[in-house]
**Q** 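Pasting in a structure now, in structure tokens, and then I'll have a few things to ask.
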Number of protein chains: 2
Amino acid sequence: MRAFWAHGYERTGLPELQAAMGIGRQSLYNAFGDKRALFLEALDHYGTTQFRWLHERLAAPGSGLANVRAVLATWVDAVTARDFRGCLVCNATVEFGRDREVTAITERHNAAIEASFLAALRRAQAAGELRPSTDVAALAQFLATLGQGLALQGRGGLSRAKAAAIVGVADGLLDAAAAGR
Amino acid sequence: MRAFWAHGYERTGLPELQAAMGIGRQSLYNAFGDKRALFLEALDHYGTTQFRWLHERLAAPGSGLANVRAVLATWVDAVTARDFRGCLVCNATVEFGRDREVTAITERHNAAIEASFLAALRRAQAAGELRPSTDVAALAQFLATLGQGLALQGRGGLSRAKAAAIVGVADGLLDAAAAGR
DNA sequence: GGAGTTCTGGACCAATTGGTCAATATTTCG
DNA sequence: CGAAATATTGACCAATTGGTCCAGAACTCC
């Protein structure tokens, strides 16, 4: 997974894969079939492991709005880490475009992220933290998109100040949606 | 350029390049040096040609805020076009990560986009269309990031409804920044 | 313990990769 | 026109690609 994450599908050769996994080639083909199947499994594995914290944090007890803000705040750190390699789901979307098997996985994880945001936002709304008129569904999709944009820029290298500014705007948006509570 | 745009760097072979450009292999190497150099030139060419409209629209006379909104509106159409292939600058960022030569080009174009947004927003602010307290610099970076997120999702396939909802949130953000004018 | 199954390592393979060469065609220009 | 330079064609090349084969090691289970 790490190898694909760092270099993408095409740029990751079998030797590198073997080295990263510490197993021989035949074992690899025994266990996964071929390179593509291995990638698909790695991709799905990435989604379940890397996004677990996000889902849990958004579902954590307490203020739904605070949970959303907490996730945004961690994005700043994550995306500006010196060795940040982007988000494998985003990377795969770019590399494979509309490949059916790939989009099936990426869309599943994206939908899950949106759903977690949505649940948290709904909770916030029900608790009076957000105006009833707020379109929380759109907001959830928006936040997911913003995350992808951040991950993308982070892969190319993103300064902390810039990431913080961008997330700050999103925070302001939440402020505005909360203003009339 | 189209070939790289559609399939990325690694997935685009010399035969495909020749076919797309309608020239023989040697002519190609004569004119550009090697595949990588050709890509770098295609990438830069993409940036200057594809973003021209955006720069012009943002710099158009009249309301700066309206210009920004107009650009956002076109994003919805662009990104949900049936044959949308993403943004080559974004794709290159993903595929090459922190490759110096590539990021030099992508960052230049990203900076230009942010600058155009910033200029339009400043104009809007000066004209009283936005609250003086609005952090227009952050807003410009934010909008650029959102665009990248949209382009990313669009490459995988994005419904019009979803794109419209996401852009709608950004529009609402502009509303909020204009509210107290 | 040992037969049978599974797994592992490394040699091997066809196909494709980016890139080059040299001969030919084309243009340029005195 | 005709010589010099430029550009095009397609054959060619070494290296790498993903993938397979097979012999032997390891494990399982009666």
Side-chain angles (χ1 to χ4, degrees), chain A residues 1-47 85-86 88-106 155-156, chain B residues 1-47 85-86 88-106 155-156:
Chain A
M1 186 186 85
R2 286 180 181 80
F4 283 134
W5 191 359
H7 309 120
Y9 179 79
E10 290 288 348
R11 285 179 128 84
T12 307
L14 270 299
E16 187 170 359
L17 248 6
Q18 297 173 220
M21 305 174 72
I23 78 179
R25 184 173 297 204
Q26 184 64 29
S27 314
L28 193 155
Y29 274 80
N30 261 347
F32 297 97
D34 61 1
K35 187 188 172 187
R36 176 173 238 264
L38 169 59
F39 178 80
L40 293 175
E41 256 186 70
L43 176 59
D44 196 41
H45 179 71
Y46 173 93
R85 307 190 167 288
L88 182 53
V89 170
C90 298
N91 299 353
T93 298
V94 167
E95 190 165 3
F96 287 88
R98 307 210 170 153
D99 179 301
R100 284 293 183 80
E101 290 180 301
V102 173
T103 55
I105 299 173
T106 57
R155 182 163 170 96
Chain B
M1 185 187 83
R2 288 180 180 81
F4 283 134
W5 191 0
H7 310 118
Y9 179 79
E10 289 289 345
R11 284 179 127 84
T12 306
L14 270 300
E16 188 169 359
L17 248 6
Q18 298 174 217
M21 305 176 70
I23 77 179
R25 184 173 297 205
Q26 183 68 6
S27 314
L28 194 155
Y29 274 79
N30 261 347
F32 297 98
D34 62 0
K35 187 189 173 188
R36 177 174 236 263
L38 169 58
F39 178 80
L40 294 176
E41 255 186 71
L43 175 59
D44 195 41
H45 179 69
Y46 173 94
R85 306 187 169 290
L88 182 53
V89 170
C90 298
N91 299 353
T93 298
V94 167
E95 190 165 4
F96 288 87
R98 306 209 172 156
D99 180 300
R100 283 296 181 81
E101 290 181 301
V102 173
T103 55
I105 298 174
T106 58
R155 183 164 169 95

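Chain letters run A, B, ... following the sequence lines, proteins first, then strands; residues in each count from 1. Keep in mind that the numbers below use all heavy atoms, side chains included, and drop hydrogens, waters and symmetry copies.
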**Q** Can you sort out which residues in residues 18-26 of chain A have a heavy atom within less than 4.0 Å of DNA chain C? Ascending by number, please.
**A** A:G24, A:Q26
**Q** Rounded to whole angstrom units, what separation is found between the CG atom of B:L14 and the C1' atom of D:dG10?
**A** 14 Å
**Q** In this structure, how many angstroms lie between the C1' atom of D:dC22 and the CG atom of A:N30, rounded?
**A** 13 Å
**Q** At less than 4.0 Å, is any side-chain N or O atom of A:S27 found next to OP1 or OP2 of C:dT8? Yes or no.
**A**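 For A:S27, the contact criterion (side-chain N or O under 4.0 Å from OP1 or OP2 of C:dT8) is met.
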**Q** When the nearest nucleotide of DNA chain D is assigned to A:G33 and to A:P15 on a heavy-atom basis, which residue is associated with the more 5' position?
**A** A:P15
**Q** Taking atom P of C:dG18 as reference, at what distance in whole Å does atom CZ of A:R11 sit?
**A** 11 Å
**Q** When rounded to the nearest 0.5 angstrom, what is the spacing between CG in B:L17 and CE in B:M1?
**A**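 So the CG of B:L17 and the CE of B:M1 are separated by 12.5 Å.
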**Q** Given atom OH of A:Y9 and atom C1' of D:dT17, what is their separation to the nearest angstrom?
**A** 11 Å
**Q** Atom NZ of A:K35 and atom P of D:dT20: how far apart are they, to the nearest Å?
**A**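 It is 14 Å, rounded to the nearest whole Å.
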**Q** Go through the steps to decide whether A:L28 and A:M21 satisfy the test side-chain contact (heavy atoms from CB on, under 4.5 Å), and finish with yes or no.
**A** CA-CA 9 Å; A:L28 193 155; A:M21 305 174 72; 3.9 Å; yes
**Q** Working note: B:R11 + B:E16, criterion salt bridge (Lys or Arg N to Asp or Glu O under 4.0 Å); need CA distance, chi angles, decisive distance, verdict.
**A** CA-CA 10 Å; B:R11 284 179 127 84; B:E16 188 169 359; over 6 Å; no
**Q** To the nearest angstrom, how far is B:Y29 atom OH from D:dC13 atom C1'?
**A** 13 Å
**Q** Should B:R2 and B:Y46 be marked as a side-chain contact (heavy atoms from CB on, under 4.5 Å) after you check the CA-CA gap, both sets of side-chain angles, and the distance that decides it?
**A** CA-CA 9 Å; B:R2 288 180 180 81; B:Y46 173 94; over 6 Å; no
**Q** To the nearest 0.5 Å, tell me how far A:E95 CD sits from A:F4 CZ.
**A**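 The CD atom of A:E95 sits 9.0 Å away from the CZ atom of A:F4.
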**Q** Tell me the interatomic distance from B:L17, atom CG, to C:dT17, atom P, rounded to whole angstroms.
**A** 11 Å
**Q** Roughly, in whole Å, what's the span from CG in B:L28 to P in D:dT8?
**A**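 Nearest whole value for this atom pair: 11 Å.
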**Q** Could you give the distance from CG (A:L40) to NE2 (A:H45), rounded to the nearest 0.5 Å?
**A** 14.5 Å
